[in-house]
Amino acid sequence: MDDRRMDAVQSRINRVSDRAQDLASDAGEQLSQLRSSMVPYMDQAKRFVQDRPLQAIALTIGLGFVLGKLLGGGRE
């Protein structure tokens, strides 16, 4: 491969790498914002489980059953 082609390939690699770093940074910021917005809901869920452990267990079992039926695709 001649030097021009090598330079072109290296330039393309650098652009792709820069874009990937930008996307990763953006994703990290979005995850941080999502985590911050979820804190009140997580606290509320923790309080629910602490105040009503049996209801929380029953709810979890029920949700697991429903999700299993929905995602299981009727395998029997």
Side-chain angles (χ1 to χ4, degrees):
M1 213 183 269
D2 62 23
D3 288 341
R4 267 192 349 224
R5 275 194 171 177
M6 287 296 290
D7 290 343
V9 169
Q10 186 63 44
S11 176
R12 178 73 176 157
I13 289 171
N14 290 339
R15 285 195 309 268
V16 169
S17 175
D18 290 344
R19 181 69 177 139
Q21 288 175 351
D22 290 343
L23 290 173
S25 177
D26 290 346
E29 289 173 16
Q30 289 178 355
L31 283 173
S32 179
Q33 290 173 355
L34 178 62
R35 186 178 297 134
S36 296
S37 67
M38 294 301 295
V39 168
Y41 299 109
M42 291 169 37
D43 291 342
Q44 187 177 9
K46 286 178 187 177
R47 279 195 305 277
F48 178 81
V49 171
Q50 290 171 347
D51 295 344
R52 300 175 187 91
L54 294 179
Q55 288 176 343
I57 292 170
L59 180 63
T60 303
I61 291 170
L63 285 174
F65 178 78
V66 169
L67 286 174
K69 287 294 186 182
L70 290 174
L71 300 176
R75 285 184 249 145
E76 293 183 15

> Side chain of Ser36, backbone of Ser32: donor and acceptor closer than 3.5 Å?
Replying inline: yes
> At what distance, to the nearest 0.5 angstrom, does CG of Asp26 lie from CG of Leu31?
Replying inline: 11.0 Å
> Between Gln10 and Asn14, is any side-chain donor less than 3.5 angstrom from a side-chain acceptor?
Replying inline: yes
> What do you reckon, is CZ of Arg15 surrounded by more than 12 foreign heavy atoms closer than 6.0 Å?
Replying inline: yes
>> Which Ile, Leu, Val, Met, Phe, Trp or Tyr residues join Tyr41 in one cluster when any pair of side-chain heavy atoms under 4.5 Å counts as a link?
In response: Leu34, Met38, Met42
>> Closer than 3.5 angstrom, by distance alone: can the side chain of Ser11 be matched with the main-chain N or O of Asp7 as a donor-acceptor pair?
In response: no
>> Go through it in stages, so that I can follow the logic: the residues are Gln21 and Asp18, the test is side chain to side chain contact (heavy atoms under 4.5 Å, CB included), and I'd like the CA-CA distance, side-chain angles, deciding distance and then a yes or no.
In response: CA-CA 5 Å; Gln21 288 175 351; Asp18 290 344; 4.1 Å; yes
>> Would you compute the distance between atom CG of Leu59 and atom CG of Leu54 and round it to the nearest 0.5 angstrom?
In response: 12.5 Å
> Taking only residues two or more places apart in sequence, or in another chain, which ones meet Ser37 in a side-chain hydrogen bond (donor to acceptor under 3.5 Å, both in side chains)?
Replying inline: none
